[in-house]
J.: 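Provided herewith is a single structure, encoded as structure tokens, for subsequent inquiry.
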Protein chains: 2
Amino acid sequence: MKGLGELERTIMDILWAENAPLTAREVGRLIEDRDLAPTTVMTVLDRLSRKGFLSRTRDGRAWRYQPAASRDAYIAELMLEALDLTGDRDAALTRFAQAVSGSEAEILRKALTELEEQ
Amino acid sequence: MKGLGELERTIMDILWAENAPLTAREVGRLIEDRDLAPTTVMTVLDRLSRKGFLSRTRDGRAWRYQPAASRDAYIAELMLEALDLTGDRDAALTRFAQAVSGSEAEILRKALTELEEQ
DNA sequence: GGGGTAGTACTACGTCCTGTAGAGAGGTGA
DNA sequence: TCACCTCTCTACAGGACGTAGTACTACCCC
């Protein structure tokens with residue numbers, strides 16, 4: 001899958017935060033701090049949809065972009081991808097379990113328990 | 001931390017697989033398939049140690065390289081880093097727990113249980 | 001002791017990704 | 001018709017990586 005760049009992630013964050021599909025102009029307006037040219041935003045949106053992170057639909061002449069997957073799914077996939085890099089998945093998983101904070105361990109336990117019950 | 005390139009990862013894999021610190025020449029000999037110039041291997045080893053993935057000690061004129069951290073630790077850190085990208089860690093963790101395979105869920109459960117007992 | 005060998009440091013170059021944006025085309029409303 | 005919006009195409013700079021040459025030093029064998 002591959003990670004995203006700084007601006008790409010900023011834009012994905014904006015789109016994940018919104019519920020509705022946005023146009024390039026709308027996304028641009030939501031990037032406060034940076035003064036980007038409209039074409040910059042359009043280029044990045046285009047690249048993101050080309051890479052499969054966004055889907056887009058026509059709205060008049062403009063495109064409306066929305067995330068192809070939820071942020072959670074993306075993060076989970078990144079984590080699985082990291083896990084795939086090792087030969088010894090069990091060891092890495094054990095290590096990971098030890099590395100998360102206590103409250104997060106609790107979350108994991110709960111999710112695993114629910115999983116088991118189904 | 002940042003991910004590694006293809007050749008960088010190949011070399012890290014070799015060093016993770018060995019127990020002893022290796023010289024550039026030895027690493028080069030262990031990369032079977034590719035016919036790399038010795039300096040290529042040296043350059044990559046140098047970059048990896050500069051990035052903190054390897055530590056090196058003198059052995060005569062040569063350097064001996066060894067991983068600065070275990071592969072498991074590296075993988076776990078990558079996973080945590082992915083997790084840091086989200087605003088909602090709990091949701092991502094839950095999603096992750098649902099995404100791992102059954103046997104891996106078992107491993108996670110066991111690790112978390114042992115963690116709890118300590 | 002001179003040449004091959006091994007090792008180092010430094011430098012370089014092509015490629016790909018990403019951030020950034022301009023140019024030009026084609027609608028659209030005042 | 002003119003200003004304007006949005007699109008697509010093209011471009012360029014900087015950084016990471018794969019790859020390797022060059023130049024210099026130290027060592028070993030004949």
Side-chain angles (χ1 to χ4, degrees), chain A residues 1-15 20-68 74 77-78 81-82 85, chain B residues 1-15 20-68 74 77-78 81-82 85:
Chain A
M1 181 171 38
K2 203 67 187 122
L4 299 173
E6 192 56 36
L7 178 55
E8 289 177 330
R9 200 170 308 134
T10 301
I11 288 181
M12 286 305 296
D13 279 340
I14 287 173
L15 288 166
L22 300 184
T23 64
R25 177 149 304 256
E26 289 164 346
V27 170
R29 245 183 254 121
L30 290 171
I31 306 179
E32 295 289 332
D33 38 344
R34 295 199 238 184
D35 194 29
L36 296 173
T39 49
T40 300
V41 178
M42 279 194 273
T43 301
V44 175
L45 285 170
D46 192 52
R47 284 182 188 160
L48 285 170
S49 68
R50 216 178 288 261
K51 288 194 245 181
F53 288 98
L54 298 176
S55 64
R56 62 184 198 177
T57 49
R58 278 285 180 194
D59 178 9
R61 268 168 303 139
W63 291 106
R64 290 202 166 268
Y65 295 87
Q66 65 185 328
Y74 167 62
E77 189 152 342
L78 272 188
E81 208 166 293
L85 292 179
Chain B
M1 180 169 35
K2 205 63 189 127
L4 299 173
E6 193 55 40
L7 178 55
E8 290 177 329
R9 201 171 306 133
T10 301
I11 287 182
M12 286 306 294
D13 279 341
I14 286 174
L15 287 166
L22 299 184
T23 64
R25 177 149 303 254
E26 289 163 348
V27 171
R29 246 183 253 120
L30 289 173
I31 306 180
E32 294 289 329
D33 36 346
R34 295 198 239 186
D35 194 30
L36 295 173
T39 49
T40 299
V41 178
M42 279 194 275
T43 300
V44 175
L45 285 169
D46 194 50
R47 284 183 188 158
L48 284 170
S49 67
R50 216 180 289 260
K51 288 194 246 182
F53 287 97
L54 298 176
S55 64
R56 63 182 199 178
T57 49
R58 278 286 181 192
D59 178 12
R61 268 169 303 140
W63 290 105
R64 288 200 166 271
Y65 294 87
Q66 67 185 327
Y74 168 62
E77 190 152 344
L78 273 188
E81 208 166 294
L85 291 180

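Note on naming: letters A, B, ... go to the chains in the order of the sequence lines (proteins, then strands), and numbering restarts at 1 for each one. Treat the numbers as computed from the prediction; the structure is a model and nothing was measured.
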J.: Compare the minimum distances between each of D:dT8, C:dT20, D:dG18 and the side chain of A:V44, then state the nucleotide with the smallest one.
T.: C:dT20
J.: Taking A:R9 first and then A:D13, would you say they form a salt bridge - that is, a charged N and a carboxylate O separated by under 4.0 Å?
T.: no
J.: Give the rounded distance in Å between these two atoms: CG of B:L48 and C1' of D:dC17.
T.: 11 Å
J.: Of the candidate nucleotides C:dC10, D:dC27, D:dC17, which contains the atom at the shortest distance from the side chain of B:E8?
T.: D:dC17
J.: From NZ of B:K51 over to P of D:dG15, roughly how many Å is that when rounded to an integer?
T.: 15 Å
J.: Assess whether atom CZ of A:R50 is packed by more than 12 heavy atoms of other residues, nucleotides or ligands within 6.0 Å.
T.: no
J.: Counting side-chain heavy atoms from C-beta on, which of D:dT8, D:dA20, C:dA21 comes nearest to B:A37?
T.: D:dA20
J.: Between atom CZ in A:R50 and atom C1' in D:dT10, what is the gap in whole Å?
T.: 12 Å
J.: Choosing from C:dA21, D:dT19, C:dA9, which nucleotide comes nearest the side chain of A:L36?
T.: C:dA21
J.: Answer with yes or no whether A:R47 presents, from its side chain, a donor or acceptor under 3.5 Å of a partner atom in the base of C:dT20.
T.: yes
J.: Does A:R34 have a side-chain nitrogen or oxygen under 4.0 Å from the phosphate oxygens OP1 or OP2 of C:dT20?
T.: yes
J.: With a 3.5 Å cut-off and just heavy-atom distances, do the side chain of A:T39 and the base of C:dG22 make a donor-acceptor pair?
T.: yes
J.: What is the distance, to the nearest angstrom, from the CE atom on B:M12 to the P atom on D:dG18?
T.: 13 Å
J.: Which nucleotide in the set D:dT6, D:dT8, D:dA20 lies at the smallest distance from any side-chain heavy atom of A:A62?
T.: D:dT6
J.: Want to settle it: does A:L4 or A:D35 sit nearer the 5' end of DNA chain C, counting the closest nucleotide to each?
T.: A:L4
J.: Side chain of A:L7, heavy atoms from C-beta onward: which of C:dA9, C:dG19, C:dG22 has the nearest atom to it?
T.: C:dG19
J.: So what does B:R64 touch, heavy atoms closer than 4.0 Å: a base, only the sugar-phosphate, or nothing?
T.: nothing
J.: By nearest heavy atom, map B:R29 and B:T43 onto DNA chain C; which one lands nearer the 5' end?
T.: B:R29
J.: I need the CD-P distance between A:E6 and C:dT20, as an integer number of Å.
T.: 9 Å
J.: Strictly below 4.0 Å: does A:T40 bring a side-chain N or O up to OP1 or OP2 of C:dG19?
T.: no
J.: What I'd like to find out is whether the side chain of B:L4 reaches to under 4.5 Å of the side chain of B:I11, using heavy atoms alone.
T.: no
J.: Provide, to the nearest angstrom, the distance between the CD atom belonging to A:E26 and the P atom belonging to D:dC7.
T.: 11 Å
J.: Using a heavy-atom cut-off of under 4.0 Å over every strand shown, decide if B:R9 touches base, sugar-phosphate, or nothing.
T.: nothing
J.: Could you tell me whether A:G3 contacts a base, only the sugar-phosphate backbone, or nothing, with contacts defined as non-hydrogen atoms closer than 4.0 Å?
T.: sugar-phosphate
J.: Please report, rounded to the nearest Å, how far the C1' atom of C:dA12 is from the CG atom of B:D46.
T.: 15 Å
J.: Does any part of the side chain of B:L30, heavy atoms only, come nearer than 4.5 Å to the side chain of B:L22, both counted from C-beta?
T.: yes
J.: Do the non-hydrogen side-chain atoms of B:L45 and B:R56 ever get within less than 4.5 Å of each other?
T.: no
J.: Tell me: CE of B:M42 to P of D:dA20, nearest whole Å?
T.: 12 Å
J.: Would you mind telling me which of C:dA6, D:dG18, C:dT20 lies closest to the side-chain atoms of B:R61?
T.: C:dA6
J.: Could you pull out the closest heavy-atom pair between A:L7 and A:R34, with the gap in Å?
T.: CA-NH2, 3.8 Å
